[in-house]
Structure formats: structure tokens, C-alpha cells
Student: 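Can you keep this structure in mind? I'll have questions shortly.
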Amino acid sequence: MFVGHTYPCLTSNFDSTLGLPPSWAFWLSCLTQGEAVDKACSSGMHFRDSKRKVDYVLAYHYRNRLARHLPGGGQRAPQERPGSPGPEVIELGPLDALEEEKRLQREEYERNLVEAGLEIEKDPENKSQGLSFVRIHAPWQVLSREAEILKIKMPTKKVYEITEEGGILKKLNEIWCKLTEPLQPQVPQQENTNMKSIGTLIANNVYDAAYPLHDLLYQEWARYGVFYKFQPIDLIRKYFGEKIGLYFAWLGLYTEFLIPSSVVGIIVFLYGCITIESDIPSKEMCDQRNAFTMCPLCDKFCDYWNLSSACATARASHLFDNPATVFFSVFMAVWATMFLEQWKRLQMRLSYSWDLTGLEEEEFLCVLSQDEEKLTWSDRMPGYATNFGLILFMIMLTFSAVFGVIVYRITTAAALSFSTKETTRSNVRVTVTATAVIINLVVILILDEIYGAVAKWLTEIEVPKTEKTFEERLILKAFLLKFVNSYAPIFYVAFFKGRFVGRPGHYVYVFDGYRMEECAPGGCLMELCIQLSIIMLGKQLIQNNLFEIGIPKLKKLFRKLKDERTEPKETDTNQSKDPQQWDLDYSLEPFTGLTPEYMEMIIQFGFVTLFVASFPLAPLFALLNNIIEVRLDAKKFVTELRRPDTVRAKDIGIWYNILSGIGKFSVIINAFVIAVTSDFIPRLMYQYAYSQNGTMHGFINHTLSYFNVSHLKAGTQPENSPFAHDVLFCRFKDYREPPWSQNQYEFSKQYWAVLSARLAFVILFQNLVMFLSVLVDWMIPDIPKDISEQIKREKAVLVDFFLKEEHEKLKLIESFIARDQNSPRSCSLRGRSATVPLLADTLWGMGNRKSTPALVSIFWQI
């Protein structure tokens, strides 16, 4: 065990003075490690002497003055003439004056870097205009000095070990470690290691970019060939910083937790496949001897039809609408709680390992407005009002898009029903459902990109005081808009479709002639499954994978073409034929933050948990996507994006609260999906309340109501129907009184009984799952036992060390007092010697290193 055995990312005095990002931690490890790590610091990342490594790069475009050219094609800078009292005065144009101001700012900034102890190397500006780089090297003396100033914790010579308890858990852990040893990445074992001005200079176009260089991690992390291996989280943290390291640790844990949920989901799906032949309701629906003549699906052009024609839909619905889905919903709710609890434990373990337990996050003021300090409440009100109004408008826009798709479904279904082709009329429902889902997917992808840009703009006009506040507000706005956008079509199918249709003879119409769409004979759960699967898979394939690969490459190509078009074609004799690492990294896309990466995973987490009762295979598809996503993100960070500056963070921030909220919300959603959308409650009620023999025989007939065809409104009867004279009653799915009843077509007693059972199930399911979640939360401690014991032992060691140090200081003070007894000041000291025991007790009892200088100072003042 090491006491404080990590090297946090170094932020030093020159960092805060000159604005360099805290990016020296990895190079500290390069300097302190052996030959294995030194080889990783490749030769293409050094100064011209091939000895000093390039730790950081500043890039800028220059434009030499065009006012006075030398005959050789060079430029003459303002210079002092020998014997002249001052420099030569040269008139500058507007562009030349701006460029001269930028040059002076760069020279001042680079001079300050050198004064801080850093070493720089610049490219010669040989062309009339072009791209140039400033390479920065941090010597070991600078790193050591700043580490001493910041009191970076170093390993102690003494090693403390905590004896672990034996037993079956230890043996299982040893077996697991041996089994997973081939999955561990082969990376070298390493010891664990703002200024506003650089950001301001980049914002003012003095510099174009500032970034560290890429060098490691590709072979053992960013290749698809190592998808089966664990991630080198410690090296990722060392390379990118704690914030990005926590993201990949969270993503890895989430992917691991998807394995058991995928296995259980497959078992539930296989259970539906195995029991499909023994499902009595679907067998009754498919039996052609049961002549269930159904009412027409549309007015005039639709004929009466037999329920057995919907046999395929009924059998497919059983795959997802069976008793096992109820168990799976409970399992997934507990799974979500266990995942969050396990993440808290892993986060605590990483915080301890990375020395983040005592980290106080710094709040950096956002440079959004120079007058931000002067803003009052009345100044902010227009921004808040704009936020509220525009967010409300965007939500209404999403609902409008969903309503537009609904209108498309209704009108398309009516149009296809007029077709003279039998195949077209028979496949109306499949055609409309498939095309509508694809339209929904396209609309979601387009609005997602719009909402991301709108959320950022809305956050900027609020002018938050700190970067943390800015990030949290941006995340909340983007999540709200994208949540509504992604799930609105699914919520419609799950809870609204088929609920406001009416009944034969009294249908609900839109646009004076189009009936509201109904669910399939087997229920809406099958259509909900189709909607969920296509949207989920489409977003993962197109947005999460193709966009992540394609967009950075397109931006890189566009930037390259732009630079080639703007820069003159001049040869640079000092430029190497092979591009250097800083040239390659400059052509990469700048890192813009982790919000898009978290957002796509959070939306996927919603697909996995919110409607899992209708699609048990969702965890499996999420797992397959994430296996690729981990390496895709790794490859993007290493090969497509500039290496970001390291940022320290002790947790994943507001994302944990969003995950926890989705987990609790999923309990309610799945309860309503099972109770309202599926036929689980009606089947249960029929079997135990209405069935004569306690079986499901007769369930289909029980759920179908009668309607007298003579009660159809004029003009809505089927035209040219061969069955018109043979059909007296048609059936429709609902619990209503028959036409021969006194209260014909009113809701029957069975309807109210089933409705009461649905609501009772929602309450029971919600409370049961919440109780299990709280129980799991209580049983799993947030801090692992070994970590808590380790922290206690470290505190004991530190207290013992400080007490010994204070005791030595006390002896030294007493020796000074004894030595001064014979001095002329002894009389004055005797009068105040009563304070010595009190101070001694104070010094002995405090055990606090920080309080010692103050107490000693007080003593000598006395």
C-alpha cells in the first residue's frame, strides 16, 4: 500500500500565471519510468536535438508584412538604423497592424514561458503566410519544483499491507483473476502522477490551437482486435486525465453489467419461443373453426374479416407478451439499482487510487461576457424567458412531428385500403408501421442535431457564472430535448394508440373522415416492440457509429482543403519531408467535451430500462453496440481528435443523477406497459375470475364485444361486401355491453374490474420494485471494505507521524526555554512559562501539520 500513491495532473504556478493547461503529468511519468515507457515516447515527438521531448504545442497562422519586400522574396521588419535616435517608422495597413499586434502578444507570451523555466522551439517563418508551431518542453527541474509547491504525494518507503480475510469469496476472487488474466491489456505498469490567457489568446486568434501530442494507447486500447480485453483505465487516466478516465471506466462497467441482463433477456425471449405452441389464446385466434367475424377496419372500402387472418401477429406478440416479461421487468429494475451501486463503489475505488478523495473542484469563471459581473436579475430575465419559451417551442415541435407521423399513418392506411390489389390491402398495417417508424427515426436524427446546437446557444445567453454551472445547464437542456425527441413516438404507441378510437357506430374521426388508428388484433405491444427496436438500432448504427466515424473525417478533410486553398504554394526548405506529430495532430478535430459521448449512452440506457417489458432483447443489442462503442470511442480519441488537456474530476457529475432518475422512472413506465399495453392483467383476471375451469380457454371470446351491423352509420357500411347479408353481428375488441342489453355498448362490469386490477398492479409492482431497490441499496455499501480499511490505516499512520513530529518540536522549544533561563530575558519568560504546558498540550493534541506554524508563531510572539 502506498500513502498517496498517485501523481495528480500537475497544475503549477506558471499554469495559473501563463494559462498553460495541466498536461505535464504524463511526461512526468515518461521521465520517471524505465526503458519501456521511454520507448513509447516516440522519436517523432522531440526537439531538433532528438533529446528533449515535446510536451505541448502551440499552433498559429502567420502573415508576414507585405508593405516592403526584399528582392529575394523575404520581408523587411522594422529595425533601428545605426546612429539613428529611434526605429524606422513604417506605415502599416489594417491587416498588417493586426498581424503585428498578434505577433507582439505571441512574443510576450513565449517570453513569459521561458522565464517560467520552460523550453521552447519555434518553426522559422519562411513563407509570406502559413502555419507555424511553438513546441514546449518542461524540464525535470520545473516539474519537480511545481510538484513540491503543490505537495504532490509521493510513495513512502515503508509498505503497509492489510491482511485480507480468507474464505470462499477470496478463492472465488483468485479464480476470477486467473480466468480474466488473458483479458488484461498488455501495457507498462506506471506509477500514478489555467490560464485564462491561453484561452483568451486562442479566442483572439493569436494562436489557433494548443494541445499535447498523441503517442500511446492505440495498440492495446483503440484497436477493434482487442475488444475482448479490459480497458487500461489507469493508463487512460494518465493519458487523458481523470475526467475522461472516469467516463471510460463508467462505460466499461456499464458494458460489463449488460452481460447478465442480456443473458436473462435471451432466456425470456426463448421462453416465449418455447411456449408459443402451448399458448391457448393465440391457438384460439388461429383456429379457423372459431368464426370470429370482426367489424370493418375502415369505412366503406373495408369488408368484414375473420380474426384468424391475424394469426401471425398473435403468435409473434406472445414472444414478448408472456408472464416471463413481468419477471424481467422486476429484474431490470433491480439491475439498474445494482449497476448504480456498483458504480459508486468503483468510483470510490478509483478516487482513492487516483488520489481524488480530498479533491476540491475549482470553479473557473466562464468567459462568456466581459460584463458578466455587472449583470443583475433584470438583465438575466430576458435570457431565462427566451430559454423557457424556446424549450417549450422545441418540445411542441417534437409533439408536432409525432402528430404529423400519426396523420401520415392514418391517411396512408386509408389510401392503401382503396387499392384494387389484394396484396396491398392485406399488408396495409405492415407497410404503414414500417414506413412510419423509419420516418420517425429520420426526424429524431435531424432534431437531435438541431437540439444540441439550440441547447448550447440557450445556455450561453444565460451567462452562467462558472464552467461547472454552464456544463450542468447545457446537459440538462440537451437531455430534456433529446429525451422527449427520442421517446415521444414510443410513448404514443405504448400509452395512447388505440385508446381513443371509439367503437363501431361511434368512431372518433380526425379531419372529417379519417378514423383514429387502432392497435393490431394482438395488441399494441408487438408494434411497440417494432418501434423500439428500429429506433434504438437505427440511432446506434447511424448516429452513434456512422456519425462518429464520418463527421470527424469530413471536418478534417474540409479543414485540409481550406488550408490548401488559403495558403500560397511556397516551398519551405526547413520543413521535413515526413510530417511531424504536431503537424498530424493539428489536422485532427479539436476535442469539444464528453457531453455527446455520455448523452448517447444515457439515451441507450433509457431504451434498455424504460420499455424493457416490451423488448427483452434490448440489453443484448446494447451490449453488442457497446463492445464496438468502447473501441470506437477509443479510436476516435486517439486518432480522430486532438489530445485534450487533462482535467481532474472526482465523479461523473450530474450524469449520475440523470441515471438514477431514469432508473426510478423506468419502474413506473414498465408497470404501466405491463398493466395497460400488454394483455397480462386481462389474462390473469380471466383465468382466476371468469374462467369456468381455471384455464385460458375462451379468453378471446371473452375479450370481444358484439355489435349489431344494422347500427352502423349511413355511408360507413362496407360496399360490395359478399358477407353483408350473412352478417348480423360483428365483433370488436373491448369490454362493452352487447346490443341486446339494456345499456347497449356501455362499458361492462368486466371493463371496470380489469381497470381496477390494472391500477392495483401498477401500485403493487411499483412498491415491490422500489422496496427491492432500496434493499439492494442498503445491502451494498458505497465504499468497498478494503478501501475503507486502507483509508483508516493511512489516517492512523499520518496521525502517528504528525504526533511524533510535534513531539520533537515540543522538545526543541523546551530546550530553547531551558537555554534561555540564564539569559537576561529569563525573568520575562518565567512570568509567562505557565503558557508552555497549555501550548504543549495543544501541540500534542492537534496532530495537524497545518496548524503547527501558526502555533509556533504565537509561542514566539509570547
Side-chain angles (χ1 to χ4, degrees), residues 231 233 236-237 240-258 261 332-354 356-363 455 459 464 466-483 486 593-610 619 622 626 629-630 633 647-669 769-770 772-784 787:
Q231 299 182 86
I233 295 298
I236 296 171
R237 170 254 174 179
F240 290 112
E242 285 80 1
K243 192 171 186 178
I244 295 178
L246 285 173
Y247 164 71
F248 281 103
W250 174 85
L251 180 59
L253 181 68
Y254 173 46
T255 304
E256 290 177 20
F257 258 72
L258 285 173
S261 60
M332 288 302 296
V334 177
W335 171 89
T337 303
M338 293 186 66
F339 164 65
L340 294 177
E341 289 301 311
Q342 189 62 29
W343 167 245
K344 285 195 289 188
R345 291 169 60 85
L346 177 60
Q347 186 172 257
M348 185 61 199
R349 188 178 296 277
L350 293 176
S351 296
Y352 171 77
S353 175
W354 296 348
L356 302 174
T357 51
L359 175 65
E360 293 294 334
E361 294 185 359
E362 298 180 4
E363 295 284 344
T459 309
T466 64
E467 288 190 6
K468 183 179 179 181
T469 306
F470 179 88
E471 185 178 16
E472 289 180 350
R473 293 184 182 182
L474 173 62
I475 290 171
L476 284 176
K477 291 181 181 64
F479 173 73
L480 174 62
L481 294 174
K482 294 188 177 185
F483 180 89
S486 298
L594 288 171
T595 299
E597 315 301 331
Y598 273 114
M599 188 66 70
E600 64 187 48
M601 289 294 103
I602 297 297
I603 296 296
Q604 184 201 83
F605 183 79
F607 283 123
V608 169
T609 54
L610 289 179
N626 285 10
E629 179 73 19
V630 172
D633 281 350
V647 178
R648 302 198 75 192
K650 58 183 178 181
D651 51 39
I652 61 175
I654 197 173
W655 294 111
Y656 179 84
N657 299 329
I658 293 176
L659 285 168
S660 180
I662 291 177
K664 292 178 173 60
F665 190 47
S666 67
V667 177
I668 303 173
I669 295 300
V769 174
M770 288 296 184
L772 293 176
S773 300
V774 172
L775 182 63
V776 170
D777 188 4
W778 174 75
M779 292 177 62
I780 302 178
D782 293 345
I783 304 177
I787 297 298

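As the structure is a computational prediction, the values presented were derived from the model and not from experiment.
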Student: Hey, is NZ on Lys344 packed in by over 12 heavy atoms from elsewhere, all under 6.0 Å?
Tutor: yes

Student: Could you state the interatomic distance from NZ (Lys664) to CD1 (Ile669), rounded to the nearest 0.5 Å?
Tutor: 15.0 Å

Student: For residues Lys650 and Glu242, determine if any side-chain heavy atom of one lies less than 4.5 Å from a side-chain heavy atom of the other.
Tutor: no

Student: Less than 4.5 Å apart, any side-chain heavy atom of Tyr598 and any of Leu251?
Tutor: no

Student: List the atom of Ala333, the atom of Val667, and the distance in Å for their closest heavy-atom pair.
Tutor: CB-CG2, 4.0 Å

Student: Can a donor-acceptor pair be found, under 3.5 Å and without considering hydrogens, that links the side chain of Gln231 to the backbone of Phe248?
Tutor: yes

Student: Once rounded to the nearest 0.5 Å, what's the spacing between atom CG of Asp782 and atom CD1 of Ile787?
Tutor: 13.5 Å

Student: Nearest 0.5 Å, what's the CE-CG distance between Met770 and Leu775?
Tutor: 14.5 Å

Student: Report yes if the distance between the aromatic ring centroids of Tyr247 and Trp655 is under 6.0 Å, otherwise no.
Tutor: no

Student: Looking at every heavy atom in both Val608 and Pro619, which two are closest together, and how far apart are they?
Tutor: CG1-CG, 4.0 Å

Student: Side-chain donor-acceptor pair under 3.5 Å between Glu629 and Tyr254, yes or no?
Tutor: no

Student: Quick check: are there more than 12 heavy atoms from other residues, nucleotides or ligands sitting under 6.0 Å from CE of Met338?
Tutor: no

Student: Are the side chains of Arg473 and Lys477 in touch, meaning some heavy atoms are under 4.5 Å apart?
Tutor: yes

Student: Would you name the heavy atoms of Ser666 and Gly663 that are closest together and state the gap between them?
Tutor: OG-O, 2.6 Å

Student: Of all the heavy-atom pairs spanning Ala249 and Leu350, show the shortest one and how long it is.
Tutor: CB-CD1, 3.6 Å

Student: I want to check something: taking the side chain as every heavy atom from C-beta on, are Ile658 and Met599 in contact at a cut-off of under 4.5 Å?
Tutor: no

Student: Looking at CZ of Arg349 and CD1 of Ile233, how far apart are the two atoms once the value is rounded to the nearest 0.5 Å?
Tutor: 14.0 Å

Student: Can a donor-acceptor pair be found, under 3.5 Å and without considering hydrogens, that links the side chain of Arg345 to the backbone of Pro781?
Tutor: yes

Student: Identify the heavy atoms of Trp335 and Phe257 that sit nearest to each other, and give their distance.
Tutor: NE1-O, 2.7 Å

Student: Return the CD1 to CG distance between Ile668 and Leu610, rounded to the nearest 0.5 Å.
Tutor: 10.5 Å

Student: With a 4.5 Å cut-off on side-chain heavy atoms, are Thr609 and Phe339 touching?
Tutor: no

Student: Is any side-chain heavy atom of Arg648 closer than 4.5 Å to a side-chain heavy atom of Trp354?
Tutor: no

Student: Is any NZ, NE, NH1 or NH2 atom of the basic residue among Glu471 and Lys468 found under 4.0 Å from an Asp or Glu carboxylate oxygen of the other?
Tutor: no

Student: Measuring from Asp633:CG to Met601:CE, what's the distance to the nearest 0.5 Å?
Tutor: 7.0 Å

Student: Taking Ser351 for its side chain and Gln347 for its backbone only, find out whether a donor-acceptor pair lies under 3.5 Å.
Tutor: yes

Student: Could you report the tightest heavy-atom contact between Leu474 and Thr459, atom names first, then the distance?
Tutor: CA-OG1, 3.4 Å

Student: Show, in sequence, the C-alpha distance, side-chain angles and deciding distance for Trp343 and Asp651, and conclude whether the side-chain contact (heavy atoms from CB on, under 4.5 Å) test is met.
Tutor: CA-CA 10 Å; Trp343 167 245; Asp651 51 39; over 6 Å; no

Student: Compare all side-chain heavy atoms of Ile662 with those of Phe605 and state whether any distance is below 4.5 angstrom.
Tutor: yes

Student: Sub-3.5 Å donor-acceptor pair from the side chain of Ser486 to the main-chain atoms of Lys482, do we have one?
Tutor: yes

